[in-house]
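A short worksheet on the structure shown next.
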Amino acid sequence: MQHPDRFDPLDPATQPVVPIPGYPNTQRRNPARAPFRRVLTRTELTGPLDLSQKLRPGDDNLAMLAPGRAAQGQLIHVGGRVLDEDGRPVAGAIVELWQANAGGRYFHPIDQRDAPLDPNFIGNGRTRSDAQGRYGFFTIKPGAYPVPDSGRWWRPPHIHISVLGPGSLMRLVTQMYFPGDPLNGLDRILNSVPDLAARARCIAASVLPTEIAGDWLGYTHDLVLRGRHATPPL
Amino acid sequence: MSRPNAPLVPTAWATIGPFFPNTFFREGDNDLTRMAPDAPPTAQGAPMWLTGRVLQEGGGPCVNAVLEAWQADAAGRFRHPRDPDWQQADPGFHGWGRAWTDAEGRFAFRTIIPGAYRDATGPRAPHINLAIIGSGIMGRLATTIFLPAFAEANAADPVLASLPEALRPLLVAQPDGLAEDGAPRFSLDLLLRGDAATETPFFED
Ligand SMILES: [Fe+3]
């Protein structure tokens, strides 16, 4: 039985408001003009069904570069489910993750901050959600870092996540935060989302140590993509 | 069909920030005619390049922006069940690619000239969907690029028609010679923020 696709407009209160003070690129790079409304046709309702040939998954353990080369920091597992707005699991979504090391520095040529690089931590990973929509990464807890030229704005520990679901309109790029961090309340990116509940949903939940095995402190974080009646079977 | 859970609210977007990993890019990611970055081009149709620059307020280059392209195959079909003809779609055409901008804000996609199609909303002219993400961009900036050879189809396209007439040329790429592989190149600049006459039109998601 075929239901019509539904991509309801995003509730603006649940999405960031720009510009963000102290982040000049949010001024320079966001249109002054409101976006135009358009009819949704095939081209918007479709998207690459399975990107795993193009964007190859496999790097889901960021904490161990090679045997015997463990990254510095608190070992953590971050996992959860990729869901649509009906709570249906989105299978086969590509989930990309990148983050700073335990000292708050990225392994990236343009991060020239005076904090240590960890030779055993790159901090980039990619995986694919399973049939239940589950994804997971073994990594370390990232450090906080100051935003250059912004006064006293520090980014709280956070993990960048990009999700490519089976439809262009399902695309999501987000950041995951850690529960209880005092910097969360001061972060201008997290707080650019007006709706408090939407903000709270960007903060992962702790998993009790009794619930996971091994050396990993657990966090669970579900990712909700746009779309109702819209998740095609793989 | 029943709903397994109460409706959920989509997760809040955030910027990719300045540190989107270079290692996520592989040569060939920007080639929509390859099924994998290291596979040979297998798409049917006439090859073309879509190139240009991403510019920010003031006209300077937007460095390290990420562009994602999606388009129909040469016959106007998408390999996705929301296209009723998807089983006939070209199995050698991937249709999706990712590029990132260099220090001058330049990007390039290799693809084939997309086909036109008709659906319930009317005739769609050949087009390439682009989404731009980057540091400071807090959502997906979505737009659609058209080609100058299809003036009649462009005039009838319902998405292009949703723009004021004066802005429509901003979404039509212009011929820009031949690429090294001999395929025609079409070019345009995407201005993320500017005055009303020059800022690239973006569409609601
Ligand atoms: Fe960051």
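Sequence lines set the chain letters: A, B, ... in the order given, protein chains first and strands last, and positions in each chain run from 1.
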Smallest separation among heavy atoms of [X] and [Y], with atom names:
| X | Y | result |
| --- | --- | --- |
| B/F24 | A/L97 | CZ-O, 3.6 Å |
| B/T121 | A/L40 | CG2-O, 4.1 Å |
| B/A196 | A/R33 | O-NH2, 2.8 Å |
| A/N30 | B/G136 | ND2-O, 2.8 Å |
| A/F36 | B/P164 | CE2-CD, 3.5 Å |
| A/Q53 | B/M35 | CB-O, 3.4 Å |

Which atoms of [X] approach chain B - backbone, side chain, both or neither, heavy atom under 4.5 Å:
| X | result |
| --- | --- |
| A/L164 | side chain |
| A/Q27 | both |
| A/R42 | both |
| A/V39 | both |

Using a cut-off of under 4.5 Å on heavy-atom pairs, state which of [options] scores highest against chain A.
| options | answer |
| --- | --- |
| B/R98, B/H127, B/R34 | B/R98 |
| B/A120, B/A36, B/G28 | B/A36 |
| B/C62, B/G95, B/S135 | B/S135 |
| B/I133, B/T200, B/L163 | B/L163 |

Please determine whether side chain to side chain contact (heavy atoms under 4.5 Å, CB included) holds for the pair A/F107 and B/T23, giving the CA-CA distance in whole Å, both sets of side-chain angles, and the decisive distance to 0.1 Å. CA-CA 10 Å; A/F107 185 85; B/T23 53; 5.7 Å; no

Is it true that atom CZ of B/R118 has more than 12 heavy atoms of other residues, nucleotides or ligands lying nearer than 6.0 Å?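 No, CZ of B/R118 has 12 or fewer neighbouring heavy atoms, counting only those of other groups under 6.0 Å.
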
To the nearest 0.5 angstrom, please state how far the [atom1] atom of [X] sits from the [atom2] atom of [Y].
| X | Y | atom1 | atom2 | value |
| --- | --- | --- | --- | --- |
| A/D50 | B/R79 | CG | CZ | 9.0 Å |
| B/D38 | A/R56 | CG | CZ | 4.5 Å |
| A/T43 | B/F78 | OG1 | CZ | 3.5 Å |
| B/R193 | A/T26 | CZ | OG1 | 9.0 Å |

In residues 8-15 of chain A, which residues are in contact with chain B at a heavy-atom separation under 4.5 Å?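 Listed by number, the contacting residues are A/L10, A/T14, A/Q15.
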
Given a strict heavy-atom distance threshold of 4.5 Å, which part of [X] is in contact with chain A: side chain, backbone, both, or neither?
| X | value |
| --- | --- |
| B/L55 | neither |
| B/R77 | neither |
| B/I137 | both |
| B/F20 | both |
| B/D31 | backbone |
| B/A161 | neither |
| B/F203 | both |
| B/L32 | backbone |
| B/D119 | both |

So which of [options] has the largest heavy-atom pair count under 4.5 angstrom toward chain B?
| options | value |
| --- | --- |
| A/C202, A/P16, A/A197 | A/P16 |
| A/V17, A/L169, A/L51, A/D222 | A/L51 |
| A/L172, A/T174, A/D195, A/L223 | A/L172 |
| A/D111, A/V173, A/N25 | A/V173 |
| A/S192, A/P109, A/G167 | A/P109 |

Do the side chains of A/H108 and B/N22 get nearer than 4.5 Å, heavy atoms only?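 Of all side-chain heavy-atom pairs linking A/H108 with B/N22, at least one is under 4.5 Å.
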
List the steps, then state whether side chain to side chain contact (heavy atoms under 4.5 Å, CB included) holds for A/I110 with B/V63. CA-CA 11 Å; A/I110 66 174; B/V63 181; over 6 Å; no

Residues in residues 10-18 of chain B near chain A [non-hydrogen atoms, under 4.5 Å]: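 Expected list: B/P10, B/T11, B/A12, B/W13, B/A14, B/T15, B/I16, B/G17, B/P18.
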
Which residue is it: B/R140, B/R82, B/R124? I am looking for the one with a salt bridge (Lys or Arg N to Asp or Glu O under 4.0 Å) to A/E44.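 The passing option is B/R124.
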
Let's go through B/H80 and A/L45 carefully: what are the C-alpha distance in whole Å and the side-chain angles of both, what is the deciding distance for side chain to side chain contact (heavy atoms under 4.5 Å, CB included) to 0.1 Å, and is it a yes or a no? CA-CA 9 Å; B/H80 186 286; A/L45 297 171; over 6 Å; no

Do side-chain atoms of A/R38 reach the backbone of B/P158 as a donor and acceptor pair under 3.5 angstrom?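 Answer holds: no.
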
Under 4.0 Å between a side-chain nitrogen and a carboxylate oxygen: does that hold for B/E68 and A/K54?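 Looking at A/K54 together with B/E68, the answer is no, because their closest N to O distance does not fall below 4.0 Å.
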
Take B/D83 and A/T46 through the test side-chain hydrogen bond (donor to acceptor under 3.5 Å, both in side chains) and record every step on the way to the result. CA-CA 7 Å; B/D83 185 330; A/T46 56; over 6 Å; no

Go through the steps for A/I189 and B/M138 under the test side chain to side chain contact (heavy atoms under 4.5 Å, CB included), then give the verdict. CA-CA 9 Å; A/I189 291 180; B/M138 305 301 283; 3.9 Å; yes

